[in-house]
There are 2 protein chains.
Amino acid sequence: MDTQEGTGMIPAAAEATRDELATPDRCRVVSGVLSRIGDKWSVLVVMLLSHGPKRFSELKRGVGSISQRMLTLTLRGLERDGLVTRTVTPTIPPRVDYALTPLGHSLREPVAALGDWALRHHGSIEASRHDFDQRGSGGADAPA
Amino acid sequence: MDTQEGTGMIPAAAEATRDELATPDRCRVVSGVLSRIGDKWSVLVVMLLSHGPKRFSELKRGVGSISQRMLTLTLRGLERDGLVTRTVTPTIPPRVDYALTPLGHSLREPVAALGDWALRHHGSIEASRHDFDQRGSGGADAPA
DNA sequence: CAGAATCCCATTGGATACTG
DNA sequence: CAGTATCCAATGGGATTCTG
């Protein structure tokens with residue numbers, strides 16, 4: 001179902017960037033992924049769906065502060081990329097269930113790794129921010 | 001310059017989301033990290049700096065399509081969060097070197113994991129996109 | 001209930017010009 | 001060379017309204 005990526009790209013990479021190993025296009029791919037899942041809601045939705053399928057309104061309640069517009073757009077994007085499935089039950093009122101695909105589930109691992117990193121270091125990060133802001137606003141050598 | 005996560009939001013999360021284990025705030029932290037590094041350039045810069053310190057102009061050339069404005073903003077953000085250091089050599093013309101901190105280097109691991117995922121699956125993703133777009137525009141049942 | 005459509009504001013980010 | 005400042009276009013995203 002997968003196993004045939006990286007076919008035919010890398011035009012001139014072979015001659016110009018072989019002093020490092022694999023990073024030249026890798027960073028672009030990472031960047032692409034990040035612009036996909038790096039939006040405000042995609043990861044939240046994936047996280048919520050990792051516990052099992054959920055209806056539209058459940059997701060909306062789960063995220064809390066999302067607008068139905070953005071939830072729709074987010075789900076469409078995830079569906080388009082093959083990360084979630086959308087199952088419509090044409091009753092009245094209609095019922096739509098969203099679930100992670102295997103691909104969607106596989107995304108949870110690296111995202112969890114990032115979350116792990118965040119939990120471990122977000123203390124130092126906030127400290128660094130505070131420190132940086134102090135330096136910037138208070139004056140460099142003569143505080144009042 | 002950045003988005004603080006809503007400290008003190010979560011109105012009724014305490015009663016509604018305790019059926020799952022640890023994910024309630026974890027997903028918010030991940031979301032916070034993503035809004036930090038999920039911008040258009042931060043990861044690229046971190047990737048470039050992983051090979052060693054670089055000057056401003058080297059980074060600019062390395063990224064290629066970034067404006068000096070965005071490079072400055074990106075570097076300021078990374079510096080503020082303690083991911084890179086900024087070393088000014090007040091010569092004429094001035095020289096400024098940027099380097100990853102240990103924290104910045106540690107970020108490379110989860111980012112690389114994400115990049116790995118991206119490389120493995122971005123073929124299926126693009127296929128899924130193409131498929132999805134066909135379904136949407138070409139008509140659902142009577143292709144020419 | 002799920003979502004499409006519209007309106008409108010806030011943020012992002014590029015291009016350019018100027019400074020030290 | 002490194003950085004700041006200003007202007008402006010594109011996008012993101014919330015609120016609201018309407019429909020099946």
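Every chain is numbered from 1 and lettered A, B, ... according to where its sequence line falls, protein lines coming before strand lines. Please read these numbers as outputs of a predicted model, since none were measured by experiment.
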**Prompt:** Is the phosphate of dG3(D), meaning OP1 or OP2, less than 4.0 Å from a side-chain N or O of R86(B)?
**Reply:** yes
**Prompt:** Rounding to a whole Å, what distance do you find between E58(B):CD and dA2(D):P?
**Reply:** 8 Å
**Request:** May I have the distance from I92(A) (atom CD1) to dA2(C) (atom P), rounded to whole angstrom?
**Result:** 14 Å
**Request:** Begin with the C-alpha distance, continue with both residues' side-chain angles, and end with the deciding distance and a verdict on salt bridge (charged side-chain N to carboxylate O under 4.0 Å, His left out) for R129(A) and D81(B).
**Result:** CA-CA 5 Å; R129(A) 278 183 201 178; D81(B) 286 2; 2.7 Å; yes
**Asked** Is there a donor-acceptor contact under 3.5 Å linking the side chains of D131(A) and S128(A)?
**Response** no
**Request:** Starting from P on dA15(D), measure out to NZ on K60(A) and report it in whole angstrom.
**Result:** 9 Å
**Message:** Whole angstroms only, please: what is the CG-C1' distance between L75(B) and dC1(D)?
**Reply:** 14 Å
**Prompt:** Once each nucleotide of nucleotides 13-20 of chain C is scored for protein heavy atoms under 4.0 Å, what B/S/- sequence comes out, 5' to 3'?
**Reply:** BBBBB--B
**Request:** Tell me whether the OP1 or OP2 atom of dG3(C) has a side-chain N or O from Y98(A) closer than 4.0 Å.
**Result:** yes
**Item:** Side-chain touch I66(A)/L59(A), heavy atoms, less than 4.5 angstrom
**Value:** no
**Asked** Given the rule in the side chain to side chain donor-acceptor pair (under 3.5 Å) test, do E126(A) and H130(A) qualify, once you have shown the distances and angles that lead to the verdict?
**Response** CA-CA 6 Å; E126(A) 287 200 69; H130(A) 190 74; over 6 Å; no
**Message:** Between the side chains of D133(A) and R80(B), is the shortest nitrogen-to-carboxylate-oxygen separation below 4.0 Å, so that they form an ion pair?
**Reply:** yes
**Request:** Output yes when at least one side-chain N/O atom of T72(A) is less than 4.0 Å from OP1 or OP2 of dA2(C), else no.
**Result:** no
**Between P of dT4(D) and CG of L71(B), the distance in whole Å** = 11 Å
**Asked** Do M70(B) and V63(B) have side chains that get closer than 4.5 Å, going by heavy atoms?
**Response** no
**For atom CZ of R55(A) and atom P of dG3(C), their distance in whole Å** = 10 Å
